[in-house]
Chemist: 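Structure in structure tokens, see below.
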Amino acid sequence: MSDLAELIPNRFDYQTVCTELYAAWEADGCFRAEVNPHRKPFTIVIPPPNVTGALHLGHALNNTLQDIQIRWHRMRGFEALWMPGTDHAGIATQAVVERRLKELENKTRHDLGREKLVERIWQWKNESEIRILNQLRSMGCSCDWSRTRFTLDDICAKAVRTTFFDLFGKGLIFRGKRLVNWDTFLQTAVSDDEVFHEVVKGHFWHLKYPVIDPAVGEPTHVTIATTRPETMLGDTAVAVHPDPAAALDAVEKSLRIKLAAAPAKERPPLEQQLDELSARRETHLPLLKTLAAMAKRGARLRLPLLEREIRLVADVWAKPEMGSGCVKITPAHDPNDYEVALRCDLPMINILNVDGTLNTEAGKYQGLTVRKARQQIVEELEALGLVAEIEDRDIDLAHSDRSKTPIEPYLADQWFVKMDQLAQAAMNAVTDGRVKIIPERYAKGYLDWLGEKRDWPVGRQLWWGHQIPIWTRDCVEEAAAKAELARLSQLPDCSAGQIQFTLEAPAVIHVSVRDEGHPAEKMLESSGYVRQADVLDTWFSSALWPHSTLGWPNQTPELEYFYPTSSLITSRDIITLWVARMVLMGLNNVGEVPFKEVFIHPKILDGYGETMSKSKGNGVDPIDVIDKFGPDALRFGLCWLATDTQDVRMPVQFECPHCEAAVNQTKQNREQPTIECPSCNKLFSTQWAKSVEEKSYPKAPVTSERFDVARNFCNKLWNAARFVMINLEGFQPMQLDVLSLPLEDRWILSRLSTTTRLVSEAIGGYHFSEAARLAYDFAWDEFCSYYVEMAKPRLQDPKLKAATQQVLAHTLDQLLRILQPMIPFITEAIWQQLARFGKVRTLCGTPEQQKWLMKASWPTANTDHQDTQIEQQFSRFVAVLGALREIRSRQNLAPKEEVTFTVACDDATKSLLEPMEPFFKALARANCLGLGSNFAIPDMPAQLVVDGMEVTLDLGKFIDVEAEIERNEKLEQSLTKQITGKQAKLTNESFVSRAPAEVVEKERESLVALQQQLESVTTALTKLRRKNQ
RNA sequence: GGGCGAGUAGCUCAGUUGGUUAGAGCGCCACGUUUACACCGUGGAUGUCGGGGGUUCGAGUCCCUCCUCGCCCACCA
């Protein structure tokens, strides 16, 4: 025994063992999943991480939960496939590489050219992909690496190309002129999802545009207001409401309705608005009426500076209740103005170059940046006396999420996917339950978003991504286009289904080619067609992920077997961007939903409740946590925290590399390149260290104390296992008859069975935290604190030893299985060792021959072992034990001092407690002198009533009478108070008559118990007081 | 403006269909090295369950309302 104790270290050496275990699993093909008609498939596709950088704690959570599901199903006999891979993440990745290019070499992508830049991005991708996949391995993710995909690899590319060609042929892809969010730094359109708003200080300029040839009684100027005066260069009209009086009436009416319904508190502001409105009727309405009339007669204005004539138009977009009541119309740079331009048939003038400078349309301002132009224009207008007023104002300015630069709304040619039918199909899949979203509340956002059925702009003016497979030729004249279309339709490629084409009125022809590298591509290029330079939105390829990774469009056996996938586990922020699009593409391409369930897990927030992100500096690298706590603690900790309703709030600490002090990460220090440790006053560096000097300081890992629980738990498990193994010497398994085992054995087996069932239910229902807590409580409180402690005396007894060993080995074996999905490394390491000492760990029947725990079978809850009566009996033992310990502790008895005690109880309890006598001795150093009713009361008693049992300790020489009196007095008070409350309740007629009988009965019983307890406390007090005199 | 979620011990969170004296981990206090584990053991202290109102014999739990925080969507001349 002592040899073994030395052989097995009392700490799990995760640093070396985990890497070895992972390699051994992988070498043995444990992660592989194959088409296997004899098993049911269980499939999860990983939400492919972006190859922009490394994974953070959010990914760690996401992947831990997936791995738990995969490992659990694998043990349950499913053919479990976890499909791994990464996402090329178009804009994000190109932006990272371009930023580095700028920082390190001061070059732009244009200095490098398309081919060279793409080459650089591939390099970056290769590096970060290795890093990401290694992070996943370190975490223990059991992905089938032989199937690893990348959204830009050949297999995914084929799926993208096929999908595009198909949608194009169905008329669901088209080109249109639309306003896009233009990122002037990356020089690409970004989607609404990639835009964030930030309030900046700005101004509100009121400008005057002269009226050309005003008639008598007409104003000479029209005043408009803008936050962006430079856009006046692109103005093509000023709008006024066609019927300002009616519009004001409507506004007033709605205000009055609101006012009538509003509570008193909200009224004043509404009333003020009404007052302002009526004032406005006097100050503005006459003028607005005149202007509306002028608009109808076709009045024209002179756009200052450019001296261009523009129209005054009547349009409902102009709100008479706001500003001057007139609004400048800049169709090419404002979404609303664009709509006005369509309605009023206005010209649309784009004044910007792709880099955000002004173009030739800006006249003498050409080449200026927006900023410079604004300054100059305002100065010149002021000189002309055309600035009526300048207000200070906060402006909610749109910024590009990727480059952090302001967005310019910009009119450009864009490719769209028509969402109509596709979105409807995806909505139906959720409403009819083919796709179940868990928790259910997230279905609402999904449906609302799809319900808008907005066309999806899929083109990106980037170099990194799937190039749009369209060749375009502008035939200039309609007749020529018609002739060309006729020619195309005669081509063999056309009848072979290799090309499809559309006519964009009046004379632009778009042709799509089905297969990459098909001769038709060359043919088109030699006959005047030009390939679209744009690439596809990165979500286009990720939308295909569940089927493209399985080989679609080829009808592979994998696709047949593993699709639809079982479960998608992801974070809530991409429900629309990704989940919704996967559903619609899956339905379109394969005709079946991509997954049956979507589980949305909580987000990891920092100590301030903010989402973690690299740019904020509050991100945590899971590798730092693994280094400090081990991969199992990382996983178990995340699992423990992943509750059903709350996001995970996680304050994090730098760990000083010099003195290991924990330095809380704050808003102040989290963005600094170096930090001085408050404990040793030495400097360490952070992720922001850039300069050589900054980087010369050792980098502090960032971890969180929240992983302590999990680390401690792993250690507890390790040592419990160590105890079991140390005590398995000479273990000879036999066939055990559970029913004839002693109480404690039957109790732990019953608890094991219940725990097994509950953990299965929790994992199956995605209640990960609950699963962790159930296993934790069973392992720590029930197995370690009670069963193992009780096993100690039994192992000394030759008659009891064998059965005890067997139950210990069996329980540990089953516990390891239950924990394997959550903490695979340490459980596997223990299981491998356990197999050396106890080859057979079943209670009876044939043992399972399995090399690896991760491939072993999931335990089934043995209902024969479940015995609520045994569990209740055991809880009485625990109660007595607790009473003994409490008395010992409050009397401050040294652990070595033995005490004697008696328990007054009924006969049933007596026969139950009798066999437990040795355990009172072992666990509380207390010798039982008597159970039941016939025993002498000691001279110096300390009593406690629990569960109707009166535990009396003979304190003899040990007693601290004062302390005992004080404690009893306190207790007496509290009991009296409770009794009074209960009596009041029970004499309350309405309670007794209306509450269910069993509730009333329960109250009565508890009153009796309380009274009994009070009585014994009073008796004890009397005795103690007498003694004290 | 619309929607969703959260507010329970110093901190981070559980709390099942309303039902005895509201729980856990960490932290704190006291005692302790009893041959698995000090990443441990035993015991203890700590709560107007965000505020107010209502339903009910009974509310942390249900309803209304207010406050605070977070997230999503829409809009912003």
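The chains referred to below are lettered A, B, ... by the order of the sequence lines, with proteins before strands, and numbering in each begins at 1.
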Chemist: Just how far, in rounded Å, is C1' of B:C37 from NZ of A:K716?
Modeler: 6 Å

Chemist: Under 4.0 angstrom, heavy atoms only, what part of the nucleic acid is A:W205 near: base, sugar-phosphate, or nothing?
Modeler: nothing

Chemist: Determine which pairs satisfy salt bridge (Lys or Arg N to Asp or Glu O under 4.0 Å) with at least one residue from residues 771-789 of chain A, sequence neighbours left out, and list them in order.
Modeler: A:R751-A:E782, A:E789-A:K792

Chemist: Expressed as a whole number of Å, how far does the C1' atom of B:G54 sit from that of B:C71?
Modeler: 31 Å

Chemist: Applying side chain to side chain donor-acceptor pair (under 3.5 Å), can you list everything that pairs with A:E408, at least two apart in sequence or on another chain?
Modeler: A:R228

Chemist: Which whole-number value in Å describes the distance from A:R773 CZ to B:C13 C1'?
Modeler: 6 Å

Chemist: When the C1' atoms of B:G23 and B:C49 are considered, how many whole Å apart are they?
Modeler: 12 Å

Chemist: Taking the P atom of each, how far is B:G7 from B:A74, in whole Å?
Modeler: 28 Å

Chemist: With a non-hydrogen cut-off below 4.0 angstrom, is A:K328 in contact with a base, only sugar-phosphate, or nothing?
Modeler: nothing

Chemist: Taking atom C1' in both B:C28 and B:G10, what distance in whole Å separates the two?
Modeler: 9 Å

Chemist: Which heavy-atom pair separates A:I310 from A:D235 by the least distance, and what is that distance?
Modeler: CG2-O, 3.6 Å

Chemist: Tell me if a side-chain donor or acceptor on A:Y14 pairs with a main-chain N or O of A:D627 at a distance below 3.5 Å.
Modeler: yes

Chemist: Would you mind reading off the distance between A:Y776 atom OH and B:C13 atom P, rounded to a whole angstrom?
Modeler: 17 Å

Chemist: Considering only atom P, compute the distance from B:C63 to B:G27 and round it to an integer number of Å.
Modeler: 38 Å

Chemist: Can you tell me, in whole Å, how much space there is between the C1' of B:G60 and that of B:A6?
Modeler: 14 Å

Chemist: Parallel, tilted or perpendicular for A:F204 and A:H206, by the 30°/60° rule?
Modeler: perpendicular

Chemist: What is the separation between atom NZ on A:K444 and atom C1' on B:G2, rounded to the nearest whole Å?
Modeler: 9 Å

Chemist: Please report, rounded to the nearest Å, how far the P atom of B:C37 is from the CZ atom of A:R711.
Modeler: 17 Å

Chemist: Could you give the distance separating B:U42 and B:A36 at their P atoms, to the nearest angstrom?
Modeler: 15 Å

Chemist: Check whether any side-chain nitrogen or oxygen of A:S889 sits under 4.0 Å from OP1 or OP2 of B:C31, and answer yes or no.
Modeler: no

Chemist: Would you tell me whether A:D606 and A:Q665 have side-chain atoms, one donor and one acceptor, within less than 3.5 Å of each other?
Modeler: no

Chemist: Does the side chain of A:N336 get closer than 4.0 angstrom to OP1 or OP2 of B:C76 through an N or O atom?
Modeler: yes

Chemist: Across the strands shown, which category fits A:V1000 at heavy-atom distances under 4.0 angstrom: base, sugar-phosphate, nothing?
Modeler: nothing

Chemist: Mind calculating the distance between CG (A:D781) and P (B:G23) to the nearest angstrom?
Modeler: 15 Å

Chemist: Give one of base, sugar-phosphate or nothing for A:W718, where a contact means two heavy atoms less than 4.0 Å apart.
Modeler: nothing

Chemist: What's the CZ-P distance between A:R11 and B:A36, to the nearest Å?
Modeler: 15 Å

Chemist: With a cut-off of less than 4.0 Å, is there a side-chain N or O of A:R454 near OP1 or OP2 of B:A74?
Modeler: yes

Chemist: I want to check one thing: is the phosphate of B:G5, taken as OP1 and OP2, less than 4.0 Å away from some side-chain N or O of A:K603?
Modeler: no

Chemist: Ignoring backbone atoms, test whether A:N712 places a side-chain nitrogen or oxygen under 4.0 Å from the OP1 or OP2 oxygen of B:C40.
Modeler: yes

Chemist: Hey, is A:E321 close enough to A:K319 for a salt bridge, meaning N to O under 4.0 Å?
Modeler: no

Chemist: Identify the stems formed by RNA chain B, where each pair is Watson-Crick or G-U wobble with both distances under 3.5 angstrom and a stem is at least 3 consecutive pairs.
Modeler: B:1-7 with B:67-73, B:10-13 with B:23-26, B:28-32 with B:40-44, B:50-54 with B:62-66

Chemist: Taking any heavy-atom pair under 4.0 Å as a contact, classify A:T227: base, sugar-phosphate, or nothing.
Modeler: sugar-phosphate

Chemist: If you look at every strand shown and take non-hydrogen atoms under 4.0 Å, does A:D448 touch a base, only sugar-phosphate, or nothing?
Modeler: nothing

Chemist: Quantified in whole Å, what is the P atom distance between nucleotide B:A22 and nucleotide B:U46?
Modeler: 12 Å

Chemist: Scan side-chain atoms only and decide if A:H241 and A:D315 contain a donor-acceptor pair under the 3.5 Å cut-off.
Modeler: no

Chemist: Phosphate oxygens OP1/OP2 of B:C26: is one of them under 4.0 Å from a side-chain N or O of A:W640?
Modeler: no

Chemist: Taking atom types as they are modelled, would you say the side chain of A:E789 forms a donor-acceptor pair with the base of B:A36 within the 3.5 Å cutoff?
Modeler: yes

Chemist: Is the closest basic N to carboxylate O distance between A:K328 and A:D334 below 4.0 Å?
Modeler: no

Chemist: Is a donor-acceptor contact shorter than 3.5 angstrom present between the side chain of A:R441 and the base of B:C4?
Modeler: no

